[in-house]
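Quick caveat, the model's predicted, so the values are computed rather than measured. When a ligand or atom number is given, it counts from 1 through the structure's own listing order. Residue indices begin at 1 and follow the sequence shown.
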Amino acid sequence: MALELTELHDDFGAEIAGIDLANGIGDALFEEIELAFNCYSVLVLRGQTLDDDSQIEFSRRFGPLEIATPTYANTGEVTPIGRVSNVDADGNKLPADHTRVKYLTGNLMWHSDSSFKETPALASLLSAREVPPEGGDTEFVSQRAAYARLPDNLKAKIDDLVVIHDFVFSRGKISEDAVTPEHEKLVPPVEQRLVRTNPMTGEKNYFVGSHAHLIAGWPEAESRALIEDLIQRAVRPEDIYLHRWQPGDLVIWDNRCVLHRGRPFDADKYRRVLHRTTVAGAGPSLVAG
Ligand code: OGA
Ligand code: MN
């Protein structure tokens, strides 16, 4: 069966119609979805009635899942489901100035999930359970398309660089106490390859985002200038696919090559509940590419 694909942006992204994931899918269909994931980087499937178990089951087809950090899961429970939500596990809406809601504002910066972990994420799968009537969209850009646009001299300059990604650095932009001392111990800075190659298609991309702090061996000012320049080159208005959520949407993105960010919404007025599963990468990017 050929997938029913509609492209979302000239550079990347595809909506897939005609699939009901809740009933389970066969291996042949999954292989087509996996190929589309590697080619398009962002996949949108609408009208999915996933619960946590069926989301986990489908997500596991991509590989082993990360365990959500307790701050995201916000129940203290060890689970692969990350609750991206201003509603607590009992269904009560939290105020916009609640620590957990403020913590999630880190998602408003362009980032790649888990790039601060030694093994960065392969994929994130985010399913919309409740969405606000206005605001709270999510935006995506392709660092593969952005890499392809670079002048040759800049490609040559960055090809072998290593970047230090640091969660304490990125969350420090929200507030100095966004990361507790116990949490800080779990997230030491890690090194990632700046330029990565998709093992299935051979296409290259760069890999930056809010957690990218310094270029290994470079002074801070030059590091920040290069990282900011690369982010800005990827996120021009025309580079963006903006996803307007409807309940039942499942969006899958390739964290190896996509940056994404949430857009603000009125968290005092509206409920927003999305459940995320995160598929671990093949290994540290310096080893696995
Ligand atoms: C995420 C994320 C953005 C949003 O779930 O990883 O960054 O719009 N979400 O909720
Ligand atoms: Mn994210």
Output the list of atoms in ligand 1 that are nearer than 4.0 Å to some heavy atom of His260, sorted by atom number. 1 (C), 2 (C), 6 (O), 7 (O)
Does NZ or CZ of Arg171 come closer than 6.0 Å to the centre of the six-membered ring of Tyr103, within 45° of the ring's axis? yes
With a 6.0 Å cut-off on ring centres, are Phe30 and Phe62 close enough? yes
Would you mind listing which atoms of ligand 1 come within a distance below 4.0 Å of any non-hydrogen atom of Leu126? 5 (O)
Have a look at His111 and say which of its N, O or S atoms is nearest the Mn ion (ligand 2). NE2
Any donor and acceptor pair, going by atom type alone, linking the side chain of Gln55 with main-chain N or O of Leu125 inside 3.5 Å? yes
With a cut-off of 4.0 Å, which atoms of ligand 1 are near a heavy atom of Val84? 5 (O), 10 (O)
Would you mind running through ligand 1 and noting each atom that sits below 4.0 Å from a heavy atom of Asp113? 6 (O)
Verify, without hydrogens or angle tests, whether Glu228 (side chain) and Ser223 (backbone) share a donor-acceptor contact under 3.5 angstrom. no
If Ile, Leu, Val, Met, Phe, Trp and Tyr residues are connected whenever their side-chain heavy atoms lie under 4.5 Å apart, and connections chain through other members, are Phe12 and Ile240 in the same group? no
Any idea which of Arg272, His111, His243, Arg276 brings a heavy atom closest to atom 10 (O) of ligand 1? Arg272
Below 3.5 angstrom, do we get any N/O pair linking Arg263 and ligand 1? no
Quick one: do Asp137 and Arg244 make a salt bridge, cutoff under 4.0 Å? yes
Is it the side chain (CB and beyond), the backbone, both or neither of Phe265 that lies under 4.0 Å from ligand 1, heavy atoms counted? neither
What N/O/S atom of Asp113 gets nearest to the Mn ion (ligand 2)? OD1
Taking CD in Gln48 as the centre, count heavy atoms belonging to other residues, nucleotides or ligands within less than 6.0 Å. Is the count above 12? yes
Please identify which atoms of ligand 1 are closer than 4.0 Å to at least one heavy atom of Trp253. 6 (O)
Salt-bridge test for Arg193 and Asp160: reply yes if a basic N is under 4.0 Å from a carboxylate O, no otherwise. no
Looking only at heavy atoms, is any part of Leu104 under 4.0 Å from ligand 1, and if so is it the side chain, the backbone, or both, or is it neither? neither
